[in-house]
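None of these values were measured; they are calculated from a predicted model. Chain identifiers are assigned alphabetically (A, B, ...) following the order of the sequence lines, protein sequences preceding nucleic acid strands; residue numbering begins at 1 within each chain.
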Amino acid sequence: MDTFSKQEKMEIELTVNGQIVRRTVPTTLRLLDFLRDDLHLTGAKEVCAEGECGACTVFLDGRTVNSCLIFAVEADGAEITTIEGLAENGVQGELKKAFVKHHSVQCGYCIPGMVLSGLQVLEENDHPSVEEAAEGIAGNICRCTGYHKILEAIVETGRSES
Amino acid sequence: MKYYRPKTTAELFELLENEQGSKALLAGGTDLMPRYEQGRPFPDLLIDLKHLPEMSEIHEEQEEIIIGALTSVEDLKKNPLIRRYAKALSMAAGEFAAVQIRHRATIGGNLMNASPAGDLIPPLNILNAGLMVSSRQSVREIPIDEFHLGPGKTALDETEILTEIRFKKTDLESTFVKLGLRRAMAISVVNLAASYKILDGKYQALNLAAGAVAPTVVGLEKYAEAVVADVEAIDTEIALLENAISPIDDIRATARYRRKALKNIARYTLHELLSETDE
């Protein structure tokens with residue numbers, strides 16, 4: 001019974017980084033695994049698999065979510081943006097450049113999630129303070145940087161985007 | 001596991017009544033998914049509620065505020081009606097997990113999950129909220145203090161769903177205090193909601209509810225009323241809070257710590273509110 005139910009499949013259609021994708025997936029597949037294994041978009045990472053660390057963060061219909069806590073079938077009809085889908089210009093490009101400029105990246109594992117959470121902060125607040133940026137990345141854990149350089153990158157992008 | 005996405009409540013009730021096999025109702029999924037991750041077997045049917053119409057809005061009527069059960073915690077946090085009429089609920093939503101979780105997690109999910117530490121419950125308790133529950137045959141209202149029967153248990157039966165949360169508009173102020181082990185993401189060790197009205201250094205009205213100190217959230221009206229009757233009684237009444245709670249030892253704290261923490265938080269909050277209003 002259990003084996004049978006695990007094999008249940010469904011066709012889904014969604015937009016990922018601007019492209020329409022249609023696939024047949026097991027109903028128990030997580031959005032994170034769908035992105036990484038089926039679409040080979042490996043920017044979103046798995047660490048805790050329970051929504052504590054934010055390494056699997058993606059945008060779903062314009063809001064950041066943990067892709068480890070969502071079934072791929074739930075995203076049928078949705079619009080997903082991963083780190084791979086960010087533009088080189090505008091605030092998306094500015095934020096990526098600021099991460100490089102401020103040496104915000106050490107091992108890099110948390111960075112896709114950090115950039116997307118930073119972007120969510122900037123989409124709601126053109127000029128975030130350090131505290132507001134910190135609140136915005138509270139769901140993302142980094143074990144290398146001590147966060148300061150990540151916060152500098154987000155805050156500076158806000159200042160330069162007038 | 002079959003995945004269903006009902007578009008109307010009629011379709012949903014049909015599934016609940018007629019489909020065979022184990023069923024799980026899915027709202028935000030932020031509590032459900034980690035359980036599957038930890039090895040809980042998948043249900044035969046997963047029923048995704050997120051596409052039901054008109055269940056994710058907050059609106060006001062003449063005397064009441066109505067919150068759809070599928071309203072996300074982030075929308076709750078930002079909503080001006082909630083900020084105005086239910087400050088404690090707005091504060092609890094603001095301290096809830098982190099933004100990625102708040103985007104998905106719903107107020108209905110938090111109530112149905114029935115955690116003794118559910119942060120949105122004490123703020124609804126002090127508002128005497130009513131929870132609207134529907135099945136194919138009936139609609140009924142369950143008062144918040146009768147909704148939770150124990151950890152993970154609610155008064156709903158298997159053919160019913162929680163559709164909305166209602167409470168009367170009030171001119172009382174309110175606040176929410178949470179003690180966790182980390183600022184973001186933390187599950188409460190103890191939490192406390194208070195509604196109040198202060199005049200001339202005295203409580204004209206006061207209600208209190210505490211979470212994570214018993215199998216369900218505990219209303220502390222009796223103690224609050226004694227403080228209204230005599231403001232000098234704050235410290236003695238707080239010592240008595242001990243009798244209203246039955247905390248446990250768990251991974252986050254010991255029962256002894258929870259007893260102390262609740263009393264300290266309550267004492268601090270009641271004195272602090274008085275001195276704030278003095279200024």
K.L.:
Got more than 12 heavy atoms from elsewhere within 6.0 Å of CD, B/E54?
P.N.:
no
K.L.:
Taking 4.5 Å as the heavy-atom cut-off, does anything in residues 139-148 of chain A contact chain B, and if so which residues?
P.N.:
A/G139, A/N140, A/I141
K.L.:
If you count heavy atoms of other groups shown closer than 6.0 angstrom to CD of A/Q19, is the number above 12?
P.N.:
no
K.L.:
Distance from A/E8 atom CD to B/L46 atom CG, nearest 0.5 Å?
P.N.:
11.5 Å
K.L.:
Within a 6.0 Å radius of atom CD on A/E79, are there more than 12 heavy atoms belonging to other residues, nucleotides or ligands?
P.N.:
no
K.L.:
Write out, in numerical order, the residues from residues 24-36 of chain B with a heavy atom short of 4.5 Å from a heavy atom in chain A.
P.N.:
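Residues B/L26, B/A27, B/G28, B/G29, B/T30, B/M33, B/P34, B/Y36 are the ones that qualify, each having a heavy atom under 4.5 Å from chain A.
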K.L.:
Looking at B/F13, I want to see if its CZ is surrounded by more than 12 non-hydrogen atoms of other residues, nucleotides or ligands under 6.0 Å.
P.N.:
yes
K.L.:
Just checking heavy atoms, which of residues 77-91 of chain B are less than 4.5 Å from chain A?
P.N.:
B/K77, B/K78
K.L.:
Run the numbers on B/E37 and A/R30 for salt bridge (Lys or Arg N to Asp or Glu O under 4.0 Å), then give the verdict.
P.N.:
CA-CA 10 Å; B/E37 201 63 47; A/R30 299 177 305 174; 3.3 Å; yes
K.L.:
At their closest point, which heavy atom of A/V65 faces which heavy atom of B/H103, and how far apart are they?
P.N.:
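Closest pair (atom of A/V65, atom of B/H103, distance): CG1-CB, 4.4 Å.
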K.L.:
Find the distance between CE (A/M10) and OH (B/Y4) and round it off to the nearest 0.5 Å.
P.N.:
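The OH atom of B/Y4 is 10.5 Å from CE of A/M10, to the nearest 0.5 Å.
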K.L.:
Non-hydrogen atoms of chain B under 4.5 Å away: do they reach the side chain of A/C48, the backbone, both or neither?
P.N.:
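Looking at A/C48, nothing touches chain B.
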K.L.:
Spell out, as yes or no, whether a donor-acceptor pair under 3.5 Å connects the side chain of A/T27 to the backbone of B/M1.
P.N.:
yes
K.L.:
Taking all atoms of both residues into account, what is the closest heavy-atom pair of A/G54 and B/Q100, and its distance?
P.N.:
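Reported closest heavy-atom pair: CA-NE2, 4.1 Å.
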K.L.:
B/S72 versus chain A, heavy atoms under 4.5 Å apart: side chain, backbone, both or neither?
P.N.:
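For B/S72, the contact with chain A is made by the side chain alone.
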K.L.:
Just to be sure I understand the criterion: a residue of residues 112-120 of chain A counts if one of its heavy atoms is under 4.5 Å from a heavy atom of chain B. Which ones qualify?
P.N.:
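Residues A/S117, A/Q120 are the ones that qualify, each having a heavy atom under 4.5 Å from chain B.
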K.L.:
Does any heavy atom of chain B fall under 4.5 Å from the side chain of A/I70, the backbone, both, or neither of them?
P.N.:
both
K.L.:
For residues A/R63 and B/V99, determine if any side-chain heavy atom of one lies less than 4.5 Å from a side-chain heavy atom of the other.
P.N.:
no
K.L.:
Ignoring hydrogens and angles, tell me if any N or O in the side chain of B/R5 forms a donor-acceptor pair with the backbone of A/V73 under 3.5 Å.
P.N.:
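The answer is yes, because a donor-acceptor pair under 3.5 Å joins these two groups.
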K.L.:
Between A/G136, A/C68, A/G77, A/G51, who has the most heavy-atom pairs with chain B when the cutoff is under 4.5 Å?
P.N.:
A/G51
K.L.:
Could you tell me whether the side chain of A/E74 reaches within less than 4.5 Å of the side chain of B/Y3, counting heavy atoms only?
P.N.:
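B/Y3 vs A/E74: side chains touch.
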